[in-house]
Undergrad: 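Take a look at this one; I'll ask things after.
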Amino acid sequence: MADAAAPNSGSEFNPGARRGKSIDECQDMIQRSFRNPIVKFLMEQMEKSGCRVGDNFVKAVVCTGPVAGGYTKGRGITVCSNYLTIQDEVNQVVIHELIHAYDECRAKNLDWTNCAHHACSEIRAGHLSGDCHFKRELLRGFIKLRGHEQECIKRRVLKSLRGNPYCSEVAAKDAMEAVWDTCYNDTKPFDRAP
């Protein structure tokens, strides 16, 4: 899904062996996700920022690795049909990846090979998409009452950066810590985290 010039920024998948959907079923779910208010808002904001979201910007594919989806510069968003089973999962992937696409749209110099840039977009996507909502964490088997959201985001950022060939484990952690406050508190295009 990614090329060397633009590593894929992929949504984490919980690899609890599920069957998933066919590409056609997933494509229908993607179309339904476009009715989600957050998805609609993000797509409108991209258009307002001068980034066209065409008919094939979000597409269902069969993925080989345990990821739910990804965003690749110049190609758009992929949703992994074989790892998703319900509408909420598809909505979540589309929202997460649209935040990456929005980040690239508004920051014309975003460089996915730069660990700090990649970390920032992952922090924002984790925070603004609801990936780390308490209910989702509970379903993943992570039970913690205090501080779960930030801990979850950090865990998922590091997991995503492990997939970036330009970021070593140490560089990923250092980059995440360096940009954390700025990126966590950057809620654009929302007024506050949804």
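Throughout, numbering of the chain's residues begins at 1 and tracks the sequence.
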Undergrad: Is it true that H127 and Q150 share a donor-acceptor pair across their side chains at a distance under 3.5 Å?
TA: no

Undergrad: Could you tell me if the side chain of V67 sits less than 4.5 Å from the side chain of Y83, heavy atoms only?
TA: no

Undergrad: Testing the basics here: between V93 and G69, what is the closest heavy-atom pair and its distance to 0.1 Å?
TA: CG1-CA, 3.9 Å

Undergrad: Please list, chain by chain and in numerical order, all residues satisfying ring-ring contact (aromatic ring centres under 6.0 Å, His included) with F57, sequence neighbours excluded.
TA: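 Counting only residues at least two positions away or on another chain, F57 forms no ring-ring contact (aromatic ring centres under 6.0 Å, His included).
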
Undergrad: Answer with yes or no whether the hydrophobic clustering places Y166 together with L158; edges join I, L, V, M, F, W, Y residues whose side-chain heavy atoms lie under 4.5 Å apart.
TA: no

Undergrad: Not counting sequence neighbours, which residues clear side-chain contact (heavy atoms from CB on, under 4.5 Å) with K48? List them please.
TA: Q45

Undergrad: Report the residues that fulfil disulfide (SG to SG under 2.5 Å) with C183, sequence neighbours left out, ordered by chain and then residue number.
TA: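 Disulfide (SG to SG under 2.5 Å) check on C183 returns C120.
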
Undergrad: Is there side-chain contact between F41 and M46, with heavy atoms separated by less than 4.5 Å?
TA: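 They are not in contact (no side-chain heavy atoms under 4.5 Å apart), so the answer is no.
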
Undergrad: With rounding to the nearest 0.5 angstrom, report the CG to CG distance, L128 to L42.
TA: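 Between atom CG of L128 and atom CG of L42 there are 8.5 Å.
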
Undergrad: Do H117 and D111 meet the criterion of a side-chain donor-acceptor pair at a distance under 3.5 Å?
TA: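 Per modelled atom types, H117 and D111 side chains form no pair under 3.5 Å.
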
Undergrad: Is I23 isolated, or which residues cluster with it under the ILVMFWY side-chain rule of less than 4.5 Å, directly or via members?
TA: V62

Undergrad: Output all residues satisfying side chain to side chain donor-acceptor pair (under 3.5 Å) with E177, sequence neighbours left out; order by chain, then residue number.
TA: K173

Undergrad: Scan the side chains in residues 186-193 for donor-acceptor partners under 3.5 Å anywhere in the protein, sequence neighbours excluded, and list what turns up.
TA:
residue : atom : partner : partner atom : Å
D186    : OD1  : R124    : NH1          : 3.4
D186    : OD1  : K188    : N            : 3.2
D186    : OD2  : R106    : NH1          : 3.4
D186    : OD2  : R106    : NH2          : 2.3
T187    : OG1  : F190    : O            : 3.1
T187    : OG1  : D191    : O            : 3.4

Undergrad: Could you tell me which non-hydrogen atom of Q92 sits nearest to which non-hydrogen atom of D131, and how far apart they are?
TA: NE2-OD1, 2.9 Å

Undergrad: Quick one: side-chain contact (heavy atoms from CB on, under 4.5 Å) partners of A178, sequence neighbours excluded?
TA: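 Testing A178 for side-chain contact (heavy atoms from CB on, under 4.5 Å), a comparison that skips the adjacent residues, returns none.
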
Undergrad: Ignoring hydrogens, what is the shortest heavy-atom contact between T85 and K21? Give both atom names and the distance.
TA: O-CE, 3.0 Å

Undergrad: If hydrophobic clusters are built by linking Ile, Leu, Val, Met, Phe, Trp and Tyr wherever their side-chain heavy atoms come under 4.5 Å apart, do I95 and L84 end up in the same one?
TA: yes

Undergrad: So, Q27 side chain and A60 main chain: donor-acceptor pair closer than 3.5 Å or not?
TA: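 Side chain of Q27 to backbone of A60, a donor-acceptor pair under 3.5 Å: yes, one is there.
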
Undergrad: How would you list, by chain and number, every residue that makes a side chain to side chain donor-acceptor pair (under 3.5 Å) with S22, sequence neighbours excluded?
TA: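 Scan of S22 (side chain to side chain donor-acceptor pair (under 3.5 Å), adjacent residues dropped) gives E25.
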
Undergrad: With sequence neighbours left out, write down each residue that passes side-chain contact (heavy atoms from CB on, under 4.5 Å) with E104, or none if nothing qualifies.
TA: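 Residues passing side-chain contact (heavy atoms from CB on, under 4.5 Å) with E104: Y71, K73, W112.
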
Undergrad: Side-chain heavy atoms under 4.5 angstrom apart, residues restricted to Ile, Leu, Val, Met, Phe, Trp, Tyr: same cluster for L98 and V157?
TA: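 No, no single cluster joins them.
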
Undergrad: If you take all heavy atoms of H118 and S160, which pair is closest and at what distance?
TA: NE2-OG, 3.5 Å

Undergrad: Find the distance between CG (N114) and SG (C167) and round it off to the nearest 0.5 Å.
TA: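 Reported to 0.5 Å precision, the distance equals 7.5 Å.
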
Undergrad: Just say parallel, tilted or perpendicular for the rings of H96 and H100, cut-offs at 30° and 60°.
TA: perpendicular

Undergrad: Establish whether I153 and I99 are linked, either directly or via other cluster members, by ILVMFWY side-chain heavy-atom contacts under 4.5 Å.
TA: no

Undergrad: In the structure I gave you, are the side-chain heavy atoms of F34 and M43 within less than 4.5 Å of one another anywhere?
TA: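 Yes. Closest side-chain heavy atoms under 4.5 Å.
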
Undergrad: Can you tell me how far OG of S81 sits from CD1 of I30, rounded to the nearest 0.5 angstrom?
TA: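 Here the rounded value is 8.5 Å.
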
Undergrad: Just do the side chain to side chain contact (heavy atoms under 4.5 Å, CB included) check on V61 and C63 with the steps written out, would you?
TA: CA-CA 6 Å; V61 298; C63 296; 3.7 Å; yes

Undergrad: Please identify each residue that fulfils side-chain contact (heavy atoms from CB on, under 4.5 Å) with Q87, with sequence neighbours left out.
TA: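 Scan of Q87 (side-chain contact (heavy atoms from CB on, under 4.5 Å), adjacent residues dropped) gives M29, R32, S33, V90, N91.
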
Undergrad: Indicate whether any N or O donor in one side chain lies under 3.5 Å from an N or O acceptor in the other, for Y102 and E97.
TA: no

Undergrad: Closest heavy-atom contact between S129 and G126?
TA: OG-O, 3.8 Å

Undergrad: What distance separates L161 CG from M176 CE, expressed to the nearest 0.5 Å?
TA: 8.0 Å

Undergrad: Show the numbers, then the answer: is there a side chain to side chain contact (heavy atoms under 4.5 Å, CB included) between T78 and T72?
TA: CA-CA 8 Å; T78 53; T72 304; 5.7 Å; no

Undergrad: Looking only at heavy atoms, which two atoms of I77 and V94 are closest? And how far apart?
TA: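 Taking I77 first and V94 second, the nearest heavy atoms are CD1-O, 4.3 Å.
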
Undergrad: Tell me whether R162 is salt-bridged to E169, with the criterion being a basic N under 4.0 Å from an acidic carboxylate O.
TA: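 Here R162 pairs with E169 in a salt bridge, since their nearest N and O are under 4.0 Å apart.
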
Undergrad: Backbone N or O of N56 within a donor-acceptor pair of the K59 side chain at under 3.5 Å?
TA: yes

